[in-house]
Amino acid sequence: MDLSQKAIEQPECTDLFIGLVDIDYLKQINDNYGHRMGDLAIQRLSQCLEKGLEVDYRDRADFVEKFDPAKDNVLARLGGDEFVFACHCPSEAACLEKMQGLQAAFAKEEIALDGQRLSQLRFSCGVIPLPKQLT
């Protein structure tokens, strides 16, 4: 969240979009397959978002010092299955296209646990441009 704040506070970040993501029907996943399967779905979503948003600071001790808010994207878990991101894109249409691609990639994921398989995962997402009055 500190990195998100750094990105938001940068006046040169005129291409920044803020988004909120959550897994569709996580309660049903937990009820039908168990919480371990739900946890794996959350982990898989996190991995999908990290890759697709090109977030590259996992397991790097120096990520705070090397973080460049003018170009680096940010992903944070709010809690449960909710994630927030800050992403640099040339336009809202480009950001939405990127998220639609991630939704398609996530839908192709398959999770196997204790002989059960979960597939066709979905997430919902909302995206807004960084309001100029925050900069």
Side-chain angles (χ1 to χ4, degrees):
M1 295 306 289
D2 290 341
L3 296 180
S4 297
Q5 189 65 36
K6 277 185 176 182
I8 289 169
E9 291 174 349
Q10 295 302 310
E12 66 271 13
C13 286
T14 58
D15 64 345
L16 194 65
F17 292 83
I18 308 298
L20 183 65
V21 172
D22 74 353
I23 297 176
D24 293 344
Y25 310 111
L26 183 65
K27 182 181 181 334
Q28 287 87 338
I29 293 171
N30 286 335
D31 290 348
N32 295 328
Y33 297 92
H35 287 273
R36 286 180 42 214
M37 186 70 87
D39 289 346
L40 289 174
I42 293 169
Q43 291 172 14
R44 194 66 57 91
L45 176 59
S46 174
Q47 293 164 354
C48 181
L49 293 172
E50 283 179 357
K51 181 179 178 184
L53 294 172
E54 301 172 15
V55 175
D56 185 29
Y57 50 77
R58 178 185 285 256
D59 300 326
R60 282 186 26 212
D62 63 348
F63 76 91
V64 173
E65 294 82 24
K66 291 189 175 184
F67 176 73
D68 182 353
K71 67 177 179 94
D72 291 336
N73 295 331
V74 179
L75 175 67
R77 184 175 175 199
L78 293 178
D81 64 326
E82 296 177 338
F83 293 84
V84 65
F85 65 86
C87 178
H88 296 274
C89 282
S91 68
E92 188 169 359
C95 189
L96 290 173
E97 184 177 326
K98 178 183 290 238
M99 295 313 297
Q100 289 168 346
L102 289 175
Q103 286 173 317
F106 189 58
K108 292 177 183 176
E109 293 288 330
E110 186 174 288
I111 302 171
L113 177 67
D114 299 333
Q116 296 181 312
R117 293 198 180 286
L118 181 62
S119 61
Q120 299 179 348
L121 297 164
R122 295 182 7 205
F123 69 83
S124 297
C125 177
V127 176
I128 60 168
L130 176 68
K132 301 300 181 226
Q133 64 269 23
L134 293 178
T135 59

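Hydrogens, waters and symmetry mates play no part in the numbers below; they use all other heavy atoms, side chains included.
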Can you tell me how far the [atom1] atom of [X] sits from the [atom2] atom of [Y], to the nearest 0.5 Å?
| X | Y | atom1 | atom2 | answer |
| --- | --- | --- | --- | --- |
| Gln103 | Leu96 | CD | CG | 9.5 Å |
| Asp22 | Ser124 | CG | OG | 5.5 Å |
| Cys125 | Phe83 | SG | CZ | 12.0 Å |
| His35 | Asp31 | NE2 | CG | 6.5 Å |
| Asp39 | Met37 | CG | CE | 11.0 Å |
| Leu118 | Leu113 | CG | CG | 10.0 Å |

Exercise. Hey, quick one: are Tyr25 and Leu121 part of the same hydrophobic cluster, counting side-chain heavy atoms closer than 4.5 Å, chains of contacts allowed?
Worked result: no
Side-chain donor/acceptor of [X] to backbone N/O of [Y], under 3.5 Å:
| X | Y | result |
| --- | --- | --- |
| Asn73 | Leu53 | yes |
| Asp81 | Ile23 | yes |
| Arg36 | Asp114 | no |
| His88 | Asp72 | yes |

Please report the shortest heavy-atom distance between [X] and [Y], naming the atom on each side.
| X | Y | value |
| --- | --- | --- |
| Glu110 | Arg44 | O-NH1, 3.0 Å |
| Cys89 | Lys98 | SG-CE, 4.0 Å |
| Ala94 | Ser91 | N-OG, 3.0 Å |

Can you tell if the side chain of [X] reaches within under 4.5 Å of the side chain of [Y], non-hydrogen atoms only?
| X | Y | answer |
| --- | --- | --- |
| Leu102 | Cys48 | yes |
| Met99 | Val127 | yes |
| Leu49 | Val55 | no |

Seminar exercise, completed: Here the ring pair (Phe, Tyr, Trp, His ring centres under 6.0 Å) pairs for residues 101-126, sequence neighbours left out, are Phe106-Phe123
Exercise. More than 12 foreign heavy atoms under 6.0 Å from CD of Glu92: is that the case here?
Worked result: yes
Exercise. Does Gln120 CD have over 12 foreign heavy atoms under 6.0 Å away?
Worked result: no
Problem set entry | Side-chain ion pair, Arg77 and Glu82, N-O less than 4.0 Å | no
For this session: Might you work through the side chain to side chain contact (heavy atoms under 4.5 Å, CB included) test for Leu20 and Ile128, ending with a clear yes or no?
Result: CA-CA 9 Å; Leu20 183 65; Ile128 60 168; over 6 Å; no
